[in-house]
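Lettering follows sequence order; numbering is per chain, from 1.
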Amino acid sequence: MPELPEVEIHARNVHEWGVGRRIMGAEVRDPKLLPDLAELRTHLGARVAGVRRQAKYLLVDLEGVHTLTVHLRMTGKLVRDVYTAGEVSKATRLVLDLDDGTRIRFEDFRRFGRVWLCPSSEVMRLPELAGLGPDALLEPTSPERLIQIAGRSRRGIKVLLMDQALIGGLGNICAAEILYRAGVPPETPGNQLTGRQAAAIAAEIVPFLEWSIAEQSRRELIYLGEPGAENVFTVYGRRGEPCPRCGEAIIRSVLGGRGTYSCPGCQKAEG
DNA sequence: TAGTATGTTGGCGC
DNA sequence: AGCGCCAACATACT
């Protein structure tokens, strides 16, 4: 269930596997994913010119100025295997075969993922991407901007961090972990955030993202909840466990309809 | 069995 | 307008 770090890892993987390679085969196994298979087929033979990430979107630029945009949503993954004729799992929604025998499969058992194909010049005009705020990693949020964003809203700071129109890329895990690092309670209304708190949050965003990317790059990417997954996070998914810093039990609450993990000892209200 | 799920959109009501 | 809440999407694991 990917957020910015997981999508970044996917982007790096697909870059490594695909850049300079020609896409020689495309099989859409779920028409709902990409109804216009014929359009994709017109790009067979095109080289992959580049792979980018914008917030939680993965952009595969094809030679010939078209871009394949992918959103993995909750359970999407792009995996590589060596070309084999025949069996593909039920979760496979798209198969791309490259000219060196590499096969890239889009696996997505919950089928929430989405793919778009459009001229590269129009990518950022897709309704889904047009409303995105600055990317959390590529265009770091300054304390000043965070104060500006937060000050206008009564919503909880965690909900604000997750609002893709304000900052692109942060999801439920990132928001919880960043607020834990910053020592700020997730329910703190934006307009009650102190300058110190805003500065602490802004200072933790990029370091957390870089840590998460590096940490999860060390092994095969397995989402929490999948068999064999290892929870590398400090508070997320750890209700009842002792905080490694203060020893108090991690609590779970609900904010904006999402499970929210925090440490009552380390994240105390100010002012 | 009920609860939970790292995402996003759209609707309803206050 | 802003905000909270809920359902929908579809499936698996505990």
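Within 4.0 Å of A/R155, counting heavy atoms only, lie sugar-phosphate atoms of the nucleic acid but no base atom. Nucleic acid contact class of A/G257 (heavy atoms, under 4.0 Å, all strands): none. Nucleic acid contact class of A/Y57 (heavy atoms, under 4.0 Å, all strands): none. Counting any heavy atom pair closer than 4.0 Å across all strands shown, A/E6 reaches a base atom.
Using atom C1' as the reference point in both B/dT1 and C/dC9, the two lie 23 Å apart (nearest Å). Rounded to whole Å, the separation between the P atoms of C/dC5 and B/dA5 comes to 16 Å.
Once you apply a 4.0 Å limit to the heavy atoms of chain A, the touched nucleotides of DNA chain B run 5' to 3' over B/dT4 to B/dT8.
Remark: side-chain polar atoms of A/Q267 are not paired, donor with acceptor, to backbone N or O of A/P186 under 3.5 angstrom. Of the possible polar contacts, none joining the A/E6 side chain to the A/M1 backbone as a donor-acceptor pair under 3.5 Å is found. Here the side chain of A/R93 pairs a donor or acceptor atom with the backbone of A/G113 at under 3.5 angstrom.
Side-chain contact check for A/E107 and A/S89: at least one donor-acceptor pair (N or O, by modelled atom type) lies under 3.5 Å.
Going from atom CZ of A/R152 over to atom P of C/dG2 covers 9 Å, rounded to whole Å. Rounded to an integer number of Å, the gap from A/K158 NZ to C/dG4 P is 12 Å. Spacing between atom CZ of A/R258 and atom P of C/dC6 amounts to 14 Å, rounded to whole angstrom units. In this structure, the CZ atom of A/R73 is 12 Å from the P atom of C/dA10, given to the nearest Å. The nearest whole Å value for the distance from the CG atom in A/D108 to the P atom in C/dA10 is 11 Å. Atom CZ in A/R154 sits roughly 14 Å away from atom P in C/dA1 (whole-Å rounding). In this structure, the CE atom of A/M162 is 13 Å from the P atom of C/dG4, given to the nearest Å. Atom pair A/E226:CD and C/dA12:P shows a separation of 12 Å (rounding to whole Å applied).
In this structure, A/R12 forms no cation-pi arrangement with A/W17, as its terminal cationic atom is not both closer than 6.0 Å to the ring centre and no more than 45° off the ring axis. The cationic group of A/R245 lies under 6.0 Å from the six-membered ring centre of A/Y180 and within 45° of the ring axis, placing it in a cation-pi geometry.
With a cut-off of 3.5 Å on both pairing distances, the Watson-Crick or G-U wobble partner of C/dT14 is B/dA2. B/dG13 is paired with C/dC3 under the Watson-Crick or G-U wobble criterion, all donor-acceptor distances under 3.5 Å.
Ring pair A/H10/A/Y223 is tilted by interplanar angle, where 30° to 60° counts as tilted. The aromatic rings of A/Y236 and A/F233 sit perpendicular to each other, their planes meeting at more than 60°, with 30° as the lower class boundary.
Nearest-nucleotide positions on DNA chain B for A/I173 and A/P127 put A/I173 closer to the 5' end. Toward the 5' end of DNA chain C, the nearer of the two residues A/G225 and A/F112, judged by each one's closest nucleotide, is A/F112. Residue whose closest nucleotide on DNA chain C sits further toward the 5' end, between A/R114 and A/V254: A/V254.
OP1 or OP2 of C/dG2 has not a single side-chain nitrogen or oxygen of A/S153 nearer than 4.0 Å.
Side-chain atoms of A/R111 and base atoms of C/dA10 include no donor and acceptor less than 3.5 Å apart.
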